[in-house]
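The figures that follow rest on heavy atoms only: side chains count, while hydrogens, waters and symmetry mates do not.
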Amino acid sequence: MKILFLFCFYSLSFADEILLLTQFNKQDFQNKNLHEYVMSEKLDGVRGIWNGKTLKTRKDQIITPPSFFMKNFPSFALDGELWMGRNNFDSISSLIRTTHIDINLWKKVSYNVFDVPNACEEFNLNPCSLENRLQVLEKYLQENSNPYIKIIPQIPIKNEKHLNDFYENIVKNKGEGVVIRKNLGSYERGRSKQALKLKPYNDAECQVIGYTKGKGKFENQIGALICKTIDNKIIKIGSGLKDKDRKNPPSIGAIITYKFSGFTKNSLPRFPVFLRIRE
């Protein structure tokens, strides 16, 4: 593959019509009432947004599962994660991207719902809580079963130890982390301070705007990705790239996820490591 080393600048266009999680900060959380929050496992899958007619990715790309998978999907909107189990992100991501429908693989997928975005308005819920919104789907599934639709359990947080034990158990068993959400309140669109992610590392997204040329054993490949962060800072990401990524790197304009260890004194991500192309 001939790689063109260039620097092209694109404006970041992240989804702002769906819920986006904020990084958990223990210090900021100390003044909050833990009893107002629920916790659940953060599933490392592909975001699936059901609008009542079509299933789409976070980037608004249509997902086309086989008909058996879509049986009895409701007429109201759902927000969730298409998942194949822990440590299977590459498998579910590949399945979603391909145009070939692999029936056997789709039988291993579940659609794990964590919210019913418009339930408060459509069903006049009072109070408008996460618990009540999910109960709308639970009641629907009792009469319209679909074994592939799962509701992610939302566990009320008793205290800090309860949260820490839950988190440590998930991480120990190779889960991605924990989602912490305020129970009382409507579905938020965009980056939410009431919906948090607690993980062993910080992660974020950026847009690929160019490449650096590889040297030594990486000659004729890329050395690093040049990315523009969501707050318009320019960073280089070389760590975490596999040989296949260096030979066929994410395209210019692609959104990628990277992890990092805090920030430098210049507010840049410290030790950024490539994780994956976002969908």
[Y] and [X] side chains, donor-acceptor separation under 3.5 Å:
X: Asn146; Y: Tyr111; answer: no
X: Asn169; Y: Asn173; answer: yes
X: Asp231; Y: Thr229; answer: yes
X: Ser93; Y: Arg97; answer: yes

Problem set entry | Parallel, tilted or perpendicular: rings of Phe69 and Tyr148 (30°, 60°) |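 Tyr148 vs Phe69 ring planes: tilted.
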
Restricting to non-hydrogen atoms, name the atom on [X] and the atom on [Y] that form the minimum distance, rounded to 0.1 Å.
X: Ile237; Y: Val273; result: CG2-C, 3.9 Å
X: Arg246; Y: Leu241; result: NE-O, 3.8 Å
X: Val136; Y: Ala119; result: CG2-CB, 4.2 Å
X: Glu121; Y: Pro117; result: OE1-O, 4.1 Å
X: Arg270; Y: Phe260; result: O-CB, 3.3 Å

If you draw a 6.0 Å radius around [atom1] in [X], do more than 12 non-hydrogen atoms from other residues or ligands fall strictly inside?
X: Lys108; atom1: NZ; answer: no
X: Phe271; atom1: CZ; answer: no
X: Gln142; atom1: CD; answer: yes

Looking at [Y] and [X], is any side-chain nitrogen of the basic one under 4.0 Å from a carboxylate oxygen of the acidic one?
X: Arg133; Y: Asp115; result: yes
X: Asp203; Y: Lys199; result: yes
X: Glu205; Y: Arg276; result: no

Exercise. Is the backbone N or O of Gln154 less than 3.5 Å from a side-chain atom of Arg181, with the two atoms forming a donor-acceptor pair by type?
Worked result: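 Between the backbone of Gln154 and the side chain of Arg181 there is no qualifying donor-acceptor contact (under 3.5 Å).
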
Problem set entry | By side-chain hydrogen bond (donor to acceptor under 3.5 Å, both in side chains) - contacts of Ser110 (at least two apart) | Asn112

Problem set entry | Pair Lys193-Glu188, side-chain contact (heavy atoms from CB on, under 4.5 Å): steps then yes or no | CA-CA 9 Å; Lys193 293 183 179 180; Glu188 292 185 275; over 6 Å; no

Problem set entry | Chi angles and distances behind the side-chain contact (heavy atoms from CB on, under 4.5 Å) call for Ile103, Ile101 | CA-CA 6 Å; Ile103 300 295; Ile101 297 179; 4.0 Å; yes

Exercise. Under a single-linkage definition using a 4.5 Å side-chain heavy-atom cutoff for Ile, Leu, Val, Met, Phe, Trp and Tyr, are Ile92 and Phe68 assigned to the same hydrophobic cluster?
Worked result: yes

Exercise. Taking it one step at a time, do Ile151 and Glu138 satisfy side-chain contact (heavy atoms from CB on, under 4.5 Å)?
Worked result: CA-CA 8 Å; Ile151 298 175; Glu138 184 177 1; 3.8 Å; yes

